[in-house]
Each structure stands twice: as structure tokens, then as C-alpha cells.
Amino acid sequence: MTHVLSAVAWPYANGPRHIGHVAGFGVPSDVYSRYMRMAGHDVLMVSGTDEHGTPILVQAEAEGITPRELVDKNNRIIVEDLVALGLSYDLFTRTTTRNHYAVAQELFATVHRNGYMVEQTTMGAISPSTGRTLPDRYIEGTCPICSYGSARGDQCDNCGNQLDPIDLIDPRSRINGETPQFVESQHFFLDLPALAEALGEWLHGRDAAGAWRPNVLKFSLNLLDDVRPRAMTRDIDWGIPVPLPGWEDQPNKRLYVWFDAVIGYLSASIEWARRSGDPEAWRQWWSTPSARSSYFMGKDNITFHSQIWPAELLGYNGRGARGGSAGEYGALELPTEVVSSEFLTMEGGKFSSSRGVVIYVRDFLSRYQPDALRYYIAVAGPENQDSDFTWDAFLRRTNDELVSTWGNLVNRTASMIAKNVGSIPSAGDLTDDDEALLAAVRGGFATVGSLIQGHRQKAAITEAMRLAGEANRYLAAQAPWQLKKTDPARMETVLHVAAQAVVDLNTLLSPFLPHSSSLVHRALGGEGEFQPMPVIAEVDDLDGGPAYPVITGDYSSAPAWEPRPIVPGTPVAAPSPIFTKLDESVVEEELARLRGDS
RNA sequence: GCCGCGGUAGCUCAGCCGGUCAGAGCAGGGGACUCAUAAUCCCUCGGUCGUGGGUUCGAGCCCCACCCGCGGCACCA
């Protein structure tokens with residue numbers, strides 16, 4: 001048994017999340033975590049909402065509410081959506097807790113003390129009316145190269161050239177139109193060059209271990225070719241105060257949102273431990289070299305997880321060129337794996353909230369089953385390359401695969417048993433065909449399990465579904481509905497074998513389809529829930545801040561990743577369908593909705 | 001421009017270290033069956049594996065060049 005940290009990317013709280021987001025970090029991390037628990041590992045799955053940064057301020061202003069009101073609102077929406085999807089977080093918290101503030105400040109202070117946080121003066125744009133940093137992308141003006149009138153500060157969308165906002169002609173703020181001021185400002189920079197060698201050692205070690213996806217590793221190694229110090233503070237009044245004399249009381253100096261966001265993995269682990277009654281419990285995942293940690297995210301986050309976060313940890317541990325010593329938490333383990341997904345597109349194009357090309361998780365789940373979405377993401381998601389979500393493909397995957405292949409297998413098996421026996425039948429002598437099916441399904445525990453552990457979930461669920469197909473073929477070949485008249489004893493044996501196959505296939509599919517796994521479980525005479533599910537708990541801040549909702553759960557009842565022998569005589573009632581078949585018309589309905597027709 | 005990814009049957013894609021690797025699902029055509037949400041099962045049509053070279057006894061799989069599509073290029077979360 002190993003301690004396994006499932007570190008899941010933190011959804012940004014400037015709005016609700018769409019299905020592309022949960023395809024990138026949500027479903028893959030939950031499948032992995034559920035499987036690892038079933039395989040007997042001690043899993044700690046943590047995340048939360050990321051609530052600092054300029055876009056939060058911009059959105060709050062647009063809605064005419066305070067940043068705090070905005071993040072409170074979106075935190076709750078996101079929490080509800082992730083629970084509805086069945087994501088089994090041990091703790092899903094947020095970055096505005098006092099605990100998180102304290103942990104982030106401890107990291108910053110120690111990295112600073114060790115000499116990896118260096119103060120520099122920079123020229124940057126601020127909004128004259130608010131005094132806040134104006135990120136490059138929030139400045140627009142006329143492109144000095146092609147004279148395009150709406151070039152962004154970081155790049156011109158017309159000619160594609162990278163720009164420096166100070167070169168823009170007639171620059172203006174995209175937030176409120178005012179002319180930005182370019183002023184000198186003091187900031188702290190994470191000294192990546194001083195940590196580059198240690199980062200390289202770590203990355204090459206990960207390379208040698210061989211578990212990372214090649215593109216993630218290559219991208220990360222490329223980053224090392226050109227490391228520069230990177231600013232970890234901002235001129236902004238929303239965020240975590242800089243914990244240094246002369247800085248902590250300045251209302252317009254705050255930690256950079258990404259500096260504290262990645263620290264969330266640690267602060268959430270600590271918060272989980274404090275709430276568990278053993279405040280030191282988090283060390284089993286963070287201070288133990290034999291522990292594993294897997295970080296799940298979309299590809300846009302790779303930089304922060306394969307460079308910034310490990311650099312923060314190395315700086316904290318005092319493991320860079322300047323030496324140093326670890327802070328009060330002691331030396332902390334770097335990521336074992338950075339598991340990055342590519343992007344999900346929508347009907348051939350990028351998701352775009354502003355253009356309405358988007359499906360929010362909430363809207364999706366209001367019309368379709370969560371396991372249908374989970375299935376689609378697992379089997380057709382952006383695991384290794386960008387993949388496209390289309391309603392047509394969703395309909396086909398749901399109807400032809402979930403409903404017809406798997407749901408129907410469960411239904412026909414339970415139905416025949418209920419009608420002809422009324423309980424799980426016992427088996428007579430097994431034929432070669434019987435043994436072959438049982439052996440194939442039993443073999444799935446090794447093959448499907450290792451594929452999930454290797455983050456090849458598409459192949460894993462495809463293999464599980466292939467085995468379901470074998471069970472369907474078995475039934476067609478054995479034709480128990482004919483044996484009913486000719487050889488009732490043999491019919492019972494066949495139904496016994498089929499029931500055993502269904503029960504074990506249900507176990508194999510349950511990390512992907514946790515909601516329906518309980519329905520299948522009960523369809524064959526089981527009781528209660530098969531896969532434990534997350535819950536929302538309203539909790540008080542541990543250190544006196546405002547109360548907030550968290551996702552948590554007791555997953556100790558997770559079933560073991562192994563065959564479960566069925567018990568003859570267990571009553572089986574006539575089943576009702578597990579999955580809802582979709583009408584062809586939903587494709588056109590949803591496309592109309594996307595176009596804004598409704 | 002630089003870096004990376006992809007280009008395999010009508011569609012979506014598998015093909016790890018080169019040698020039954022020319023595959024799967026869906027769509028199309030034909031048939032079987034009736035337990036099951038008209039679900040299931042069988043058979044079948046279909047590809048010179050982007051292009052041109054090269055290495056090799058042998059290459060979707062390695063090397064070079066080119067064409068096409070996509071993503072990233074940092075203070076943006």
C-alpha cells in the first residue's frame with residue numbers, strides 16, 4: 001500500500017466551469033483516485049477553487065459586486081457541479097481560507113529567507129484609477145507593426161507578432177478604456193535560474209522513471225532552456241498579503257495568483273489533516289519519499305506544475321544553487337507525475353463563454369446523466385490530443401455503447417434471472433465456454449487496472465467495454481432462453497456465469513461510472529451504494545474566517561479491485577433500465593441551443 | 001520565426017521497443033435470434049497507413065526533405 005496524493009487542478013472562480021474543464025482535470029483524476037483506492041492505496045484527493053487574480057476583479061466589477069461576493073457565488077456553483085459529477089475529493093476547499101493564507105505566506109517567507117525570492121524594480125502598466133497592475137492582455141491599442149487597431153498588449157491578433165504593451169500606439173485599458181500608466185514598481189521574483197539545475201535533475205529523474213506523457217516531459221524540459229526570474233507579486237488589492245516587513249500592510253501589493261494557487265495542494269492537505277483530527281496526517285503524503293503524487297490538469301497549466309510549483313518547493317526545501325534550509329513544514333516532496341490533458345473542443349471550435357459556444361456542467365447535468373458525460377470524457381476525451389465534443393457523437397456513444405452494450409447486458413441478464421429463477425442461480429459443471437468468459441473478465445482486473453494506473457483511461461474503458469461485448473457474445477452463443485425448455489439446469493449455470501461476469505464488469509467500470517455502478521449492483525441483488533460518493537459539508541473556517549462549503553467524503557467503503565463471487569440464492573427482481581437512451585432529436589435541440597435559437 | 005503535436009478504411013480513432021500491423025467501433029450491405037431500452041449475435045463492403053527520398057533482409061512504426069491541420073511561445077488565468 002502506498003500513499004497517493006491526487007492533486008487536482010483548481011477551477012478558477014470567475015464563473016461556472018464548462019465540460020471542457022472537467023474533461024481536463026475532473027473525470028481523469030476521479031477515475032484514477034477511485035481506482036487507486038480500490039487497489040488498496042491510501043489516496044488523498046485535494047483541490048479547491050482558485051479565487052485570486054485580476055480576472056476575478058474584472059468579473060466582479062462587470063457584475064457590480066465585490067470580489068468576495070463573486071467568489072462566494074462561484075465557489076458554491078462549482079462545488080455543487082463537481083459533486084453532481086461524483087468527483088470523490090477528500091477535500092475540495094478554496095484559496096480564500098485563512099489556512100491557505102498562512103500556508104502560502106509560510107512558503108513565501110521561507111523561499112525568501114533561503115534567497116530564492118529576489119526583489120527587482122520593473123516597469124509595468126497600472127490602471128491610474130485603481131492603482132492595480134494591468135496585465136498585458138488587458139491592454140489594447142494600435143499595433144506598432146501592422147497598425148491593427150485592436151492589438152492586445154501581449155500579442156497582435158492581426159499580424160500575430162508578440163508585443164510589449166509599452167510599444168502600443170494609443171494604449172487603453174480593455175477594462176474601462178482609460179489610458180494605462182507605465183510606472184516603476186518593486187516586486188519579488190522567483191529566482192528560477194538559481195533553481196534551474198535542481199529542476200533539471202528532478203525532471204531528468206522523472207524522465208528516467210518513464211511514466212510521464214512524452215509531450216508533457218518535452219514541454220517541461222524545453223522550459224528549462226530559457227529560465228528567467230518570474231514575478232511572484234502584483235500591484236493588486238485582492239490576494240494574499242506579502243509576509244515581509246514593509247510589505248504586509250501595503251494594500252496594493254499581493255502575492256501573484258499562481259504563486260498561491262499551486263500552494264493549494266499543500267494547504268488543502270493540511271486543512272484536510274486538521275479537520276481529520278490528526279493535524280500531522282498530511283505528512284504521510286508530503287514528507288514521505290515513498291509516497292506518490294499525481295497532478296491532473298489541462299495543458300495550459302503544465303508550466304505551473306512542472307516548473308513554478310517544483311521551483312517553489314525546491315526553494316522552500318533549500319535545494320537550489322543558494323542552498324538554504326526547509327521551513328517549518330520540513331522538506332516537501334516534489335510531484336511524481338504531472339498528468340496533463342489536452343483540450344476539448346466543442347463542435348469543432350474552441351469553447352468560448354463570450355460567444356456562447358459552451359456547455360456548462362450544470363446545464364449538461366440538468367438534461368443528461370452524469371455517467372453519460374463521464375463515459376464520453378473517458379472514452380473520447382482529450383487524453384493525448386485535442387478531441388472534439390459533438391452532440392452527435394455523444395448521442396451515439398451513449399446509445400450504442402453505454403445503453404446497448406453495457407446497460408443492455410445488465411438488463412437482459414437480470415431480467416432472465418428474475419423471470420426464470422427469482423434469485424442468483426447456482427452453477428453446475430462449467431464448460432470451456434463458461435470458463436473462458438469468466439477467465440477473460442477476471443483478467444480484466446490486471447489489464448484495466450494497469451491501464452488506469454498508467455493514465456491510459458481511453459484504452460482502459462475500451463478494454464472493459466470489449467469484455468462486456470464478450471459477455472453479450474457468450475449469451476448469444478449459449479442462448480439460455482432456449483435452454484429454458486431443453487435443459488433448465490444448464491440455463492441456470494449459464495445465467496450464473498453471466499451474472500458473475502456482470503458483477504465483475506461492474507467493478508471494472510465503477511471508477512468510470514460510479515453512479516450507475518450502484519444501480520447495477522442492486523439490479524443483481526446487492527444492497528446499498530457500490531461506489532461511495534462525495535458530499536457537500538458546510539464548515540467553519542478553522543481559523544476564524546467566514547464559513548464555506550467543502551466537498552468531502554468517506555471513501556473507506558470503496559470496493560476492492562478484485563472479483564466478487566456472487567452468492568446463489570440472493571433475490572433478484574425484474575430490473576429497470578440503468579441508462580437513459582437518448583432520442584435522436586436531442587442533437588438538433590442542442591445545436592439549436594448552441595446557436596442561441598432557444 | 002521557434003518549439004511541440006497530428007495527418008492510418010466514408011466518420012472517430014488503436015497500432016508500445018521495426019518483422020501475421022494493415023486493425024477496432026460507427027456508418028453501408030446481407031443474415032440469425034427473441035432474454036433484453038428494436039437492444040443482441042454472425043457475415044460482408046471498404047485503406048498503395050499525407051508526399052518524395054533514405055536506412056534495413058524487412059518500415060504507418062527509424063532518418064532527411066516537403067505539404068497540410070492544430071497548439072504553445074511566459075508574467076494570461
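What you are looking at is a predicted structure, and each value in this text was computed from that prediction instead of being measured. Reminder, nothing fancy here: chain letters follow the sequence lines and each chain counts from 1.
- Taking the side chain of Asp400(A) as heavy atoms from C-beta on, and the options C35(B), C26(B), A74(B), the nearest nucleotide is C26(B).
- Rounded to whole Å, atom P of A14(B) lies 18 Å from atom CE of Met465(A).
- For U40(B), the paired nucleotide is A32(B), the pair qualifying as Watson-Crick or G-U wobble because both relevant distances are below 3.5 Å.
- By the 30° and 60° cut-offs, the orientation of the rings of His112(A) relative to Phe108(A) is parallel.
- As the counterpart of A14(B), no nucleotide is assigned, since no Watson-Crick or G-U wobble pattern has both distances under 3.5 Å.
- Distances shorter than 4.0 Å separate none of the side-chain N or O atoms of Lys299(A) from OP1 or OP2 on C5(B).
- Ring centers of Phe351(A) and His18(A): under 6.0 Å apart, within the cut-off.
- Residue contacts for Ser404(A): at a heavy-atom cut-off of 4.0 Å it reaches the sugar-phosphate backbone alone, with no base atom in range.
- Judged by the 6.0 Å and 45° rule, Lys299(A) forms a cation-pi pair with Phe343(A).
- For Asn472(A), whose side chain is taken as the heavy atoms from C-beta onward, the closest listed nucleotide among A27(B), A39(B), C41(B) is C41(B).
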Please determine whether salt bridge (charged side-chain N to carboxylate O under 4.0 Å, His left out) holds for the pair Arg228(A) and Asp191(A), giving the CA-CA distance in whole Å, both sets of side-chain angles, and the decisive distance to 0.1 Å. CA-CA 7 Å; Arg228(A) 281 178 257 173; Asp191(A) 193 354; over 6 Å; no

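- Among the protein residues, Lys419(A) comes within range of the sugar-phosphate backbone only, with heavy atoms under 4.0 Å from sugar or phosphate atoms but none that close to a base.
- Checking A77(B), C41(B), G72(B) against every side-chain atom of Phe304(A), the shortest atom distance belongs to A77(B).
- Taking atom P in both C57(B) and G18(B), one finds a spacing of 15 Å when rounded to whole Å.
- Closest-nucleotide positions on RNA chain B for Asp300(A) and Val227(A) were compared, and the one nearer the 5' end corresponds to Val227(A).
- No engagement by Arg213(A) is indicated, since no non-hydrogen atom pair under 4.0 Å with the nucleic acid exists.
- Between the P atoms of C62(B) and C45(B), the separation comes to 31 Å (whole Å).
- For A77(B), the OP1/OP2 oxygens have a side-chain nitrogen or oxygen of Tyr256(A) closer than 4.0 Å.
- Separating the P atom of A77(B) from that of G25(B) is a span of 47 Å, rounded to the nearest Å.
- Within 4.0 Å of Asn399(A), counting heavy atoms only, lies no atom of the nucleic acid at all.
- Annotation: G23(B) and A9(B) have their C1' atoms spaced 10 Å apart (nearest Å).
- Ring orientation note: the planes of Phe188(A) and Trp247(A) are tilted relative to one another, at an angle of 30° to 60°.
- Nucleic acid contact for Val403(A): base, since at least one base atom lies under 4.0 Å from a heavy atom of the residue.
- Of the P atoms belonging to U40(B) and C3(B), the separation is 49 Å, rounded to the nearest Å.
- Contact of Asn411(A) with A36(B) (side chain to base): no donor-acceptor pair of N or O atoms is detected under 3.5 Å.
- The CG-C1' distance, from Leu57(A) to A77(B), rounds to 13 Å in whole Å.
- Checked against a 6.0 Å centroid threshold, the rings of His305(A) and Tyr265(A) count as neighbours.
- The phosphate of A14(B) (OP1 or OP2) has a side-chain N or O of Gln385(A) nearer than 4.0 angstrom.
- Here the C1' atom of nucleotide A36(B) and the CG atom of Leu475(A) are 10 Å apart, to the nearest Å.
- For A14(B), the OP1/OP2 oxygens have no side-chain nitrogen or oxygen of Arg466(A) closer than 4.0 Å.
- Screening Glu463(A), Gln457(A), Arg456(A) against Val448(A) for a side-chain contact (heavy atoms from CB on, under 4.5 Å) leaves a single residue, Glu463(A).
- Between the CG atom of Asn384(A) and the C1' atom of U12(B) there is a distance of 15 Å, given to the nearest Å.
- Going from atom CZ of Arg397(A) over to atom P of U12(B) covers 12 Å, rounded to whole Å.
- G52(B) is paired with C64(B) under the Watson-Crick or G-U wobble criterion, all donor-acceptor distances under 3.5 Å.
- Base orientation of G60(B): syn (glycosidic angle within 90° of 0).
- Both Gln482(A) and Asn222(A) lie close to RNA chain B; mapped to their nearest nucleotides by heavy-atom distance, the more 5′-ward contact belongs to Asn222(A).
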Take Trp406(A) and Tyr375(A) through the side chain to side chain donor-acceptor pair (under 3.5 Å) test and state the conclusion after the steps. CA-CA 11 Å; Trp406(A) 173 231; Tyr375(A) 179 76; over 6 Å; no

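- Counting non-hydrogen atoms under 4.0 angstrom, Pro577(A) reaches a base of the nucleic acid.
- Residue Glu342(A) is out of contact with every strand shown, counting any heavy-atom pair closer than 4.0 Å.
- Taking the P atoms as reference points, U48(B) lies 12 Å from G52(B), given to the whole Å.
- Pairing for C45(B) is absent, judged as Watson-Crick or G-U wobble with the two contacts each under 3.5 Å.
- Heavy atoms of Arg230(A) sit under 4.0 angstrom from at least one base atom.
- Remark: C21(B) base-pairs with no nucleotide in the shown strands. Criterion, Watson-Crick or G-U wobble with two distances under 3.5 Å.
- Across all strands shown, C2(B) forms a Watson-Crick or G-U wobble pair with G72(B), both key distances being under 3.5 Å.
- A straight line from NZ of Lys218(A) to P of G6(B) spans 9 Å, rounded to a whole angstrom.
- Rounded to whole Å, atom P of A77(B) lies 17 Å from atom CG of Asn74(A).
- Going from the P atom of A39(B) to that of G50(B) covers 36 Å, rounded to whole Å.
- To the nearest 0.5 Å, atom OG1 of residue Thr431(A) and atom CD of residue Gln478(A) are 5.5 Å apart.
- Residue Ile578(A) is in base contact, counting any heavy-atom pair closer than 4.0 Å across all strands shown.
- Taking atom P on both nucleotides, C63(B) is separated from G4(B) by 12 Å, rounded to a whole Å.
- Rounded to a whole Å, the CZ atom of Arg396(A) is 11 Å from the C1' atom of C13(B).
- Residue-level contact check: Asp50(A) touches the backbone only, with heavy atoms under 4.0 Å from sugar-phosphate atoms and none from bases.
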